[in-house]
Amino acid sequence: MSSSTHAPAGPHAAARTAVVWQVLSGELTRLGGDGLRVVDVGGGTGGFAVPLAQLGHQVTVVDASPDALAALTRRATEAGVAGLVTAVQGDGDALAELVAPDSADLVLCHSLLEMVDDPAGVAAALTTILRPGGAASVVVANRVAAALARAINGQVDAAVDLLGEPALSVRREPAAGAGRGAVRRRFDVASATELLTAAGLTVAGIHGVRVVADLVPGAVLEREHEALLAFELAAAGRQPYRDIATQLHLLARRP
């Protein structure tokens, strides 16, 4: 099978994931193409895992939700790659206990470090399970973008509060319905880089994910999706555009 990757179909999916897929495509080639061992931590229903399996890679998905893993299994079966996808139930904080050391060529850790109890511990586990020369694809929420979004939406006091938060501080997000909401932290380029570097990884690249995709009206995203996709890909690695994106994608390698 070819080692090239493609963003999922649809303007919303493409605008939100194309940058990550573009970076992964180059890294899969660097790592040797087909038949790699991939671990997707917090991979849920397999949005990345199943396409990677379709490219011929062995993918293990670690996720705390049994419902998400059941959906992953169904999705993999429907895609004809059930034999290449392994579901493991467990928290990201227990990663080092769930996956053997030095066993993965590529680890995905997307939108997880915001939620775990010990992000430094999870980052260290990423290093542990990677083989030397392996790579980690890490996506984190960007505090700068969150502050800008609140200011644009008229929540100026909340925006000021976000600007003043210490790096890696934790706040409780309002719940969509009843309940207390989710606890999460946000990062910026410096704090995310520091976290991965302290874990023993070398950051090889940083890109912005959804530089403007979350800011433009839905009708514009539908009508101008090709142009917006081109803009996202062009702006992702350029400052200052990278630094205001909704998410930051860091590609890091184990020496």
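Excluded from the calculations below are hydrogen atoms, water molecules and symmetry mates; all remaining heavy atoms, backbone and side chain alike, are included. Note that the structure is predicted; figures quoted are calculated from it, not measured.
- Looking at L201 and L130, their side chains come closer than 4.5 Å, going by heavy atoms from C-beta outward.
- Listed by first and then second residue, the salt bridge (Lys or Arg N to Asp or Glu O under 4.0 Å) pairs that reach into residues 95-110 are D102-R254, D105-R131, sequence neighbours excluded.
- Residues meeting the side chain to side chain contact (heavy atoms under 4.5 Å, CB included) test with A124, sequence neighbours left out: none.
- Summarising the geometry, atom OG1 belonging to T86 is positioned 12.5 Å from atom CG belonging to D40; distances are rounded to the nearest 0.5 Å.
- Here the side chains of R242 and V189 are in contact, with some heavy-atom distance below 4.5 Å.
- Inter-residue side-chain proximity for P101 and I129 is flagged as unmet; no heavy-atom pair is nearer than 4.5 Å.
- L36 and L108 fall within a single hydrophobic cluster, where Ile, Leu, Val, Met, Phe, Trp and Tyr side chains are chained together by heavy-atom contacts under 4.5 Å.
- Taken together through direct or relayed side-chain contacts under 4.5 Å among Ile, Leu, Val, Met, Phe, Trp and Tyr, V116 and L250 form part of one hydrophobic cluster.
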Which pairs of donor and acceptor atoms, one on a side chain in residues 74-84, lie under 3.5 Å apart (sequence neighbours left out)?
unit_1 : atom_1 : unit_2 : atom_2 : d
R75    : NH1    : T45    : O      : 3.3
R75    : NH1    : T45    : OG1    : 3.4
T77    : OG1    : T73    : O      : 2.8

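- One finds the OG atom of S191 at 6.5 Å from the CZ atom of R143 (value rounded to the nearest 0.5 Å).
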- Check the pair V20, V139 against side chain to side chain contact (heavy atoms under 4.5 Å, CB included), reporting the backbone distance first and the verdict last. CA-CA 9 Å; V20 178; V139 176; 4.2 Å; yes

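- Looking only at distances, a side-chain donor or acceptor of S103 sits under 3.5 Å from a matching main-chain atom of A100.
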Please tabulate, one pair per line, all N/O donor-acceptor pairs under 3.5 Å involving side-chain atoms of residues 209-218, not counting sequence neighbours.
unit_1 : atom_1 : unit_2 : atom_2 : d
R210   : NE     : D214   : OD1    : 3.4
R210   : NE     : D214   : OD2    : 2.9
R210   : NH1    : Q247   : OE1    : 3.0
R210   : NH2    : D214   : OD2    : 2.8
D214   : OD1    : R16    : NH1    : 3.0
D214   : OD1    : R16    : NH2    : 3.3
D214   : OD2    : T246   : OG1    : 2.8

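- The environment of CZ in R238 is sparse: at most 12 heavy-atom neighbours from other residues, nucleotides or ligands sit within 6.0 Å.
- At least one donor-acceptor pair closer than 3.5 Å links the side chain of N142 to the backbone N or O of A245.
- The two atoms that bring V62 and G90 nearest to each other are CG1-O, 3.7 Å, heavy atoms only.
- Applying the ring-ring contact (aromatic ring centres under 6.0 Å, His included) test to residues at least two apart or on different chains, none of the pairs has a partner in residues 226-245.
- Residue pairs meeting the ring-ring contact (aromatic ring centres under 6.0 Å, His included) criterion with at least one partner in residues 192-214, sequence neighbours excluded, do not occur; the list is empty.
- The distance from atom CG of D93 to atom CG of D118, rounded to the nearest 0.5 Å, is 6.0 Å.
- When every heavy atom of F187 is checked against every heavy atom of L248, the shortest pair comes out as O-CD1, 4.5 Å.
- Interatomic distance, R150 CZ to L162 CG, rounded to the nearest 0.5 Å: 5.0 Å.
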- Message: For a side chain to side chain contact (heavy atoms under 4.5 Å, CB included) check, start with the C-alpha distance between H249 and V23, then their side-chain angles and the critical distance, and finish with the verdict.
- Response: CA-CA 9 Å; H249 179 233; V23 174; 3.6 Å; yes

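- The main-chain N or O of V203 is never found under 3.5 Å from a side-chain atom of R253 such that the two would form a donor-acceptor pair.
- When all heavy atoms of D63 and G44 are compared, the closest pair comes out as OD2-N, 2.9 Å.
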- Message: Could you go through D243 and D188, starting from their C-alpha distance and side-chain angles, then the distance that decides it, and tell me whether this counts as side chain to side chain contact (heavy atoms under 4.5 Å, CB included)?
- Response: CA-CA 8 Å; D243 299 342; D188 53 26; over 6 Å; no

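- Distance check, rounded to the nearest 0.5 Å: CG of L163 to CG of L148 gives 7.5 Å.
- Residue L251 is not grouped with residue L52 when hydrophobic side chains (ILVMFWY) are merged at heavy-atom distances under 4.5 angstrom, including chains of intermediate members.
- Of all non-hydrogen atoms in A87 and L69, the two that sit nearest each other are CB-CD2, 4.0 Å.
- Between L221 and L228 the shortest side-chain heavy-atom distance falls below 4.5 Å.
- A continuous path of ILVMFWY side-chain contacts below 4.5 Å connects V99 to V41, so both sit in one hydrophobic cluster.
- Contact detail for A141 and E114: the closest heavy-atom pair is N-OE2, 2.5 Å.
- In this structure, CG on L106 lies 6.0 Å from CG on L24, to the nearest 0.5 angstrom.
- Taking 4.5 Å as the limit, every side-chain heavy atom of V107 sits out of range of all side-chain heavy atoms of S137.
- Side chains of V88 and V61 form no contact here, defined as non-hydrogen atoms less than 4.5 Å apart.
- The number of heavy atoms from other shown groups lying within 6.0 Å of CG (D157) does not exceed 12.
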- Evaluate the side chain to side chain contact (heavy atoms under 4.5 Å, CB included) criterion for residues F48 and H110: first the C-alpha distance (whole Å), next the side-chain angles of each, then the deciding distance (0.1 Å), finally the verdict. CA-CA 10 Å; F48 280 87; H110 296 172; 3.7 Å; yes

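- Summarising the geometry of P255 relative to G200, their closest heavy-atom pair is CD-O, 3.2 Å, with the distance given to 0.1 Å.
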